[in-house]
Each structure stands twice: as structure tokens, then as C-alpha cells.
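Letters A, B, ... mirror the listed sequences (proteins, then strands); counts begin at 1.
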There are 2 protein chains.
Amino acid sequence: MTLTKKATISDVAKLAKVGKTSVSRYLNGEFKVLSEDIQRRIKLAIETLDYKPSRLASGMKKGRTKLIALVFADLSISYAMEIMRGVETACRENDYTLLVFNANNESEQEKKILQLLTSYQVEGVIIQALRTHDHNFYDFNLPMVSIDRAIHGCETDLVHLDNIQATKLAVTHLIENAFEQVLFITEKIEDIQARQQRSETFYQLMQSYPQCKGEIIEVLDISQPQQIDPILQAFYQSGQGKKQAILAVNGVATLNTALALKRLNIEWGRDIGLIGFDDPNWAAVLGDGITTIRQPTLDIGYCAFELLLKRIQGDRSKFKTVLYPGELIVRKSTIL
Amino acid sequence: MTLTKKATISDVAKLAKVGKTSVSRYLNGEFKVLSEDIQRRIKLAIETLDYKPSRLASGMKKGRTKLIALVFADLSISYAMEIMRGVETACRENDYTLLVFNANNESEQEKKILQLLTSYQVEGVIIQALRTHDHNFYDFNLPMVSIDRAIHGCETDLVHLDNIQATKLAVTHLIENAFEQVLFITEKIEDIQARQQRSETFYQLMQSYPQCKGEIIEVLDISQPQQIDPILQAFYQSGQGKKQAILAVNGVATLNTALALKRLNIEWGRDIGLIGFDDPNWAAVLGDGITTIRQPTLDIGYCAFELLLKRIQGDRSKFKTVLYPGELIVRKSTIL
DNA sequence: CTGTTAGCGCCTTCAG
DNA sequence: CTGAAGGCGCTAACAG
């Protein structure tokens, strides 16, 4: 219930009748160089004063703020949230604190954020970059690890889903279930690595299965019915009794595809197959469940932090790319 | 591409051939007290040195770190995410930076977090407290606004859904649609305010409608089928031709209720009515859509920040509670 | 208008 | 083992 000013290290020192240095040492766990007696007195003083060391001050002095930043291209997708949970968990376990930023899909914003980071002397950054950026990442002298996408012209550790393996999983599943015509539907690919890899892998894999025809459609705004409905309709009508499926590039695409199918009165799991990347919590309950390829998002976030921590601690080894395998979650939507 | 040490205010001052004070003033926008000439020189120096002021240092000096904290009881629910987006947006617009914490439903953790906050000298806190806490919030001398739940023994500004109005919305809708038996299903209420208010309001409202029988069921772990399935089954069987509906206390409850109904082969929108608080993105696509009461989550987050900012800026007025009205989103699940 | 002087709270020599 | 002195980068008086 201290209404008094916040206690400082000097207050503690005074009360414990020791030098500030000893208190500082105590705070930093250098117990071997402190007599039992002094430790006890300091401990007591700290408790009675309810003293909390200022990380600002110590951070300024040592340059170690115990702050890391997490920068998202778009915070509004549930995927970002899941990643964040992983990072947050790792932070908590390692006594780091998380600054969260949302570039909001604006390059200008992303740039500003990066500036801010140096202002706060964060020790490192985990970033899901906005495509291949236009501003310079490379004059950015901070430990950094990327998630999802490599940053052009700026080598970093990188962690993301093994898109090739994951796509293979999806395609194999479709082939095994005797689908004869598959539409890969994706948002504007731009230079977003996951979308590129998934669509390319899809394209290449389909070559090896003559019994099944693959097709890729890139939609500008996947949430616009007028853009997506006719495409799906046309695809469906082109089926002519063939067994058809749709593969959606991510959670958003899956949801919007499902919505469109509803509007068109095409039922997945009966009229058509549906499978999507990401495994949002609603996937199990849409219709009789939608088959998905799940990403280990928590692990990805956690791993990103671990890589970052190593860099912060001085790891100078070659940049790593950590790929996490996807997991196929089979549900009714692909069992026609 | 500066590989050289980070520039400091002194470097700028030296290069611009002015005093540090002038640079400081420049940085703080006190242009009226600076000659054009000096301003120009400073500007130039800052640019050539790529100087970025350290918020740590200035924060330490002025006590204004431009940092605020957002503390969640549970970061894993999508509701938290949406709130966060609102807060983040407000932060961005006001040049504040967001520290995000997850108490992870552990009181111990929440306590630690609060400690940390003072370490970083955050200027304020937005908190979704863990129930009525066991540790002391009130010796916590920081601007603070709560979301969702009031904090027992610690008055703060508070912003959340108008649960009374929202519940009324739901009940009225059900009555208007001639339901005769309604089950309110909720997770363990404990002392979580939203759950209390919703269930109590439900209970009271039902008194005024003799034509409709209300019932409240509190489930310990709503995601456990063995806990929820038999309850729903029993309720359904007790119907005897009456028009029945289920009202779920939040998004999680809605989802789990839907899952259970699926398992029990009871179809919402046909066999039974279903309506839930919160409006998660999947609500529109579960079955033919689930009727919901939507919370303006973005606004709630945004508003929380605004209230906090006022407090930070010295507002000492009486504590406010801001209630946001819910919005009824009618879908097929309540149109039998 | 401008610069000098003290610190903010802490950590790091460097002598005891 | 311990403490005094100096300084991290910045700002707030106080002089000029």
C-alpha cells in the first residue's frame, strides 16, 4: 500500500546498510560474492520496501532490455493469434516481454515499427514480413527471425510450415480418394512465400497424376462473393460427373469457399470435396467437418523465439530454416 | 548501413554544433523556441547520423515510456484477439506501444505480470482480470482500465458488453419466435461477471414469460462431451413436442454445444433452436448459420485505450463504466 | 533563443 | 567480499 515514491536501489542499499553495488549484485544473482549476512539484509530490505528493479534503467545500462518484438503483417487472422500464443509462452518462460505490432498490411507502417524497435532497444525481432518489402531491412542491425516468409535481401533465421510436404499431403489424400479434378483456390499470390510454394507444389505434383486434372485460380479478394461464386460455379459445372475437390490455400480461403458453396447450394462432402490449409477451430464443425492440413502454430511461434534467443545470446552460426511438417486432419468433406 | 555505434543525442548535438538541450527540444517538438537555422542543422544531423532517440532514456527521465500493457486472463480465445486488435489500433494512432501478457488462467502468473509492469514503467494497464483475484490489485498505483469484469476491491474504469441488454435481446428474440423451453448453458460461472450477469438476467427475464420455461445449466468443463452430451440429451428428450432452444453463454460454449448436438444427431434450426453470445467468424457457416449476439469487440478495445489515455493524462474524474450494446444477428438456427 | 549543469536508476570498473 | 565513483542517453531546471 505504498503511496510513497517507488523505491530505488539506493533506498534498498540505505535500509540494508550496504552499498548499491551489493544490491545490484544481489539482483543479478551473483550470490557467490556476497556474504550470507548481506544477502539476508538486502532480501529483507527489498521486501519491506516492496522494491522492484527498473528494467528501463538496467536495460539502458547493459543494453539488455529483455524486450522482444513480434511484428505481424496482419494481426486480424487467427493464424497470427496462434503464433503469438506460442511466442508469448516462450517469452514468459524465459523472462522476456513481448511488444506486439501490427503492420496492418501497410508497408509504411511496417517501416515505422522497425524504427520504433530501435527506440525501445528491443533485443530482437520476430517478424512476419509484408511480402518482399520496399524499404531496407538489411541496415537493421538486430537479431531477427522471420516466420512464414523469407525476407528478400536480408538473411535471417526462418521458420514456417513445410509447404511442400504439406501440399503433398493434401494432394496425396485427394488422389487416394480418387478425385479427378481439383481446383486450387488462393488469394492473390503476390510474392507471399507460402502461397507461392503451395500453389507451385500443387502444380508440379498434379503433373504426376494424369488421372487427375489440377487447376489454379488466383482471386484478388477472396471474401468477395462476386469474385468467387462464379468461379466455383463454373468449376462445379465443368465437372460432368467427375469427382471434384477444392483445395483452399489457407484458413480464410477455406472459410470463404465454404460460404460460397453454401450460397451456390453445393454441399461439400457430398457434391464436392473440400480441403484447406490451416486448421481453424471451426473446421471440425462446418458441415460434417472439413479436412485440413494443420500447422503446428504454437510450435512455430515457440521455435521462432528459441532461434531468436540463441541469436541474442550471441549465436553467429549460419542462418537456419526450420520447417515444421503439416498434419492431415481427415474429415468428412473429402470422403464423398 | 551504419555499422558504427548507434548515434546518441550528443552525437547529433556535436555534428549540428548545438547543445544537447536544443536537440532535445527539437525532438520534443518545441519548435517555437528554436531558430530556423538551428532546426535545420539539427534536422540534417539527425538524418545523416540516422539518429533514433532512445525511449528508454527519455522514459526514464520523464517517466513517460509510451508503453501500455494489455493483460489477458486467457489469450487463447478469439475474443481476446479481437479486443487486442482494437487496443493495438488505438495504440498505433496515439504513438503508444503495446506490451501483451497472458495470465494463462493462473493467478500466480497474473501476479507476476503486474510486478513486471512496474519494472517497465508502463504508463497504464488494460486488464481482463482473472475472476476476483486473490492478490492485491489495490496497492497498484497505475492507471488501469478493466475489460469484461470489474475487479473486486479495486475501482477502475470498466468497459464491456451491456450484458443485460444483450441478454434481453436474446430472450426477446426467442420469445418472439415462440420458443417454449430454453436451456441456458454456461461454463462454470465462478465470479466471472459476464457469466453472472447473463445468467441472472436470463433467469429474471424468464419470470415474465410464463409461456416459456427457462433453465440454467452450469457445466464445469464445457469442452468435455461426457459432461455436456447427457445434459443436452436430457433436455431434448424433456421437450415433448415443445419448441426448444439453447442459449450459450459465449463463443466457446456455442461451439461445444454445436459439436455436442452433432454427436447427438440433433439438428439446430430444425430440431432445436440455438443462439449464442459472441459472434465468431464461423457462426455464419455452422449448419445454416447460428444466431448470435455480437459484441463490438474492436470498439471495446479501442474504448478501453481511450479511457486509459485520459487517466494517463491526468483525468481524475469518477470511474466510468462504458457499456456497449450487443447486436442480434439472426440466422437460421433460431428460425425453426 | 541557447547551453550548462544535474541527475533519472542502474551497472561496471576499480580500488579497498 | 565490499563500496565509491562514473556514466548509459536523455531531460529539466537554471542561467546566460
Asks: Using modelled atom types only, decide if a donor and an acceptor are shared between the side chain of A:T89 and the backbone of A:R85 within a distance under 3.5 Å.
Replies: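 Yes; judged by distance alone, with no hydrogens or angles, the pair exists.
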Asks: Please name all residues satisfying side-chain hydrogen bond (donor to acceptor under 3.5 Å, both in side chains) with A:E106, sequence neighbours left out, ordered by chain then number.
Replies: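 Checked A:E106 against side-chain hydrogen bond (donor to acceptor under 3.5 Å, both in side chains); matches are A:N104.
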Asks: Please collect all side-chain hydrogen bond (donor to acceptor under 3.5 Å, both in side chains) contacts where either partner lies in residues 299-310 of chain A, sequence neighbours excluded, each pair once.
Replies: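 side-chain hydrogen bond (donor to acceptor under 3.5 Å, both in side chains) check on residues 299-310 of chain A returns A:E93-A:Y302.
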Asks: Just so I know, are the side chains of B:T97 and B:C91 near enough to count as touching, which here means a heavy-atom distance under 4.5 Å?
Replies: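 Not in contact.
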Asks: Remember a base hit wins even if backbone is also touched, and classify A:V23 as base, sugar-phosphate or nothing at under 4.0 Å, heavy atoms.
Replies: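 No contact.
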Asks: Please work out if B:Y51 contacts a base, only the sugar-phosphate, or nothing of the nucleic acid, heavy-atom cut-off 4.0 Å.
Replies: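 Answer is sugar-phosphate: B:Y51 comes under 4.0 Å of backbone atoms only.
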Asks: Checking B:D157 side chain against B:V145 main chain: does a donor-acceptor pair fall under 3.5 Å?
Replies: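 The answer is no, because no donor-acceptor pair under 3.5 Å joins these two groups.
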Asks: Between D:dG6 and C:dT5, how many Å separate the two P atoms, rounded to a whole number?
Replies: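 Those two atoms are separated by 16 Å.
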Asks: Mind checking what makes side-chain hydrogen bond (donor to acceptor under 3.5 Å, both in side chains) contact with B:Q109, not counting sequence neighbours?
Replies: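 Partners of B:Q109 under the side-chain hydrogen bond (donor to acceptor under 3.5 Å, both in side chains) test: none.
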Asks: May I have the list of side-chain donor-acceptor pairs in residues 31-45 of chain B shorter than 3.5 Å, sequence neighbours left out?
Replies:
| unit_1 | atom_1 | unit_2 | atom_2 | d |
| --- | --- | --- | --- | --- |
| B:S35 | OG | B:I38 | N | 3.2 |
| B:D37 | OD2 | B:R41 | NH1 | 2.7 |
| B:Q39 | NE2 | B:F31 | O | 3.1 |
| B:Q39 | NE2 | B:L34 | O | 3.0 |
| B:R41 | NE | B:A16 | O | 3.1 |
| B:R41 | NH2 | B:A16 | O | 3.2 |
| B:R41 | NH2 | B:K17 | O | 2.9 |

Asks: How about NZ on B:K52, more than 12 heavy atoms from neighbouring residues, nucleotides or ligands closer than 6.0 Å, or not?
Replies: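 Yes.
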Asks: Please report the closest heavy-atom contact between B:A57 and A:M60, naming both atoms and the distance.
Replies: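 What the structure gives for the nearest pair is CA-SD, 3.5 Å.
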Asks: Tell me which donor-acceptor pairs under 3.5 Å the side chains of residues 112-130 of chain A have, and how far apart each pair is, sequence neighbours excluded?
Replies:
| unit_1 | atom_1 | unit_2 | atom_2 | d |
| --- | --- | --- | --- | --- |
| A:T118 | OG1 | A:Q115 | O | 3.0 |
| A:S119 | OG | B:P53 | O | 2.9 |
| A:Y120 | OH | B:R55 | NH1 | 3.3 |
| A:Y120 | OH | B:T65 | O | 2.8 |
| A:Y120 | OH | B:K66 | O | 3.1 |
| A:E123 | OE1 | A:R64 | NH2 | 2.9 |
| A:E123 | OE1 | A:Y96 | OH | 2.8 |
| A:E123 | OE2 | A:T65 | N | 2.9 |
| A:E123 | OE2 | A:K66 | N | 2.4 |
| A:Q128 | OE1 | A:A73 | N | 3.2 |
| A:Q128 | NE2 | A:D148 | OD2 | 3.0 |

Asks: Could you pull out all residues at least two apart from B:S146 that satisfy side-chain hydrogen bond (donor to acceptor under 3.5 Å, both in side chains)?
Replies: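 side-chain hydrogen bond (donor to acceptor under 3.5 Å, both in side chains) check on B:S146 returns B:T156.
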Asks: In residues 57-64 of chain A, what residues come within less than 4.0 Å of DNA chain C, judged by heavy atoms?
Replies: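 Nucleic-acid contacts, sorted: A:A57, A:S58, A:K61, A:K62.
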Asks: For B:R25, does its backbone N or O pair with a side-chain atom of B:N28 as donor and acceptor, under 3.5 Å?
Replies: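 Not at all, since once roles are kept as given, no pair shorter than 3.5 Å links the two residues.
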Asks: Heavy atoms within less than 4.0 Å of DNA chain C: which residues of residues 34-43 of chain A have one? Give them sorted by number.
Replies: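 Contacting residues: none.
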Asks: Is the backbone of B:L98 close enough, under 3.5 Å, to the side chain of B:E88 for a donor and an acceptor to pair up by distance?
Replies: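 It does not hold such a pair.
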Asks: On DNA chain C, reading 5' to 3', which nucleotide is the first and which the last to sit with an atom under 4.0 Å from a heavy atom of chain B, could you check?
Replies: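 The footprint of chain B covers C:dC1 to C:dG9.
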Asks: Of the non-hydrogen atoms in B:N102 and A:R92, which two are nearest, and what is the gap between them?
Replies: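 Scanning both residues, the minimum pair turns out to be O-NE, 3.5 Å.
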Asks: Using a 4.0 Å heavy-atom cut-off across all strands, classify A:T21 as base, sugar-phosphate, or nothing.
Replies: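 Answer is base: heavy atoms of A:T21 come under 4.0 Å of a base.
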Asks: Closest-nucleotide mapping onto DNA chain C: is B:R25 or B:Q121 further toward the 5' terminus? I mean the 5' end.
Replies: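 Taking each residue's closest nucleotide, the earlier one in sequence belongs to B:R25.
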Asks: Counting Watson-Crick and G-U wobble pairs with both distances under 3.5 Å, what is the dot-bracket string for DNA chain D, 5' to 3', using [ ] for crossing pairs and | for pairs to another strand?
Replies: |||||||||||.||||
Asks: Sequence neighbours left out, what pairs pass ring-ring contact (aromatic ring centres under 6.0 Å, His included) with at least one residue falling in residues 37-85 of chain A?
Replies: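 Not a single pair qualifies under ring-ring contact (aromatic ring centres under 6.0 Å, His included).
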Asks: For DNA chain D, note the earliest and the latest nucleotide, 5' to 3', having some atom under 4.0 Å of a heavy atom belonging to chain B.
Replies: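 Answer, 5' to 3': D:dG9 to D:dC14.
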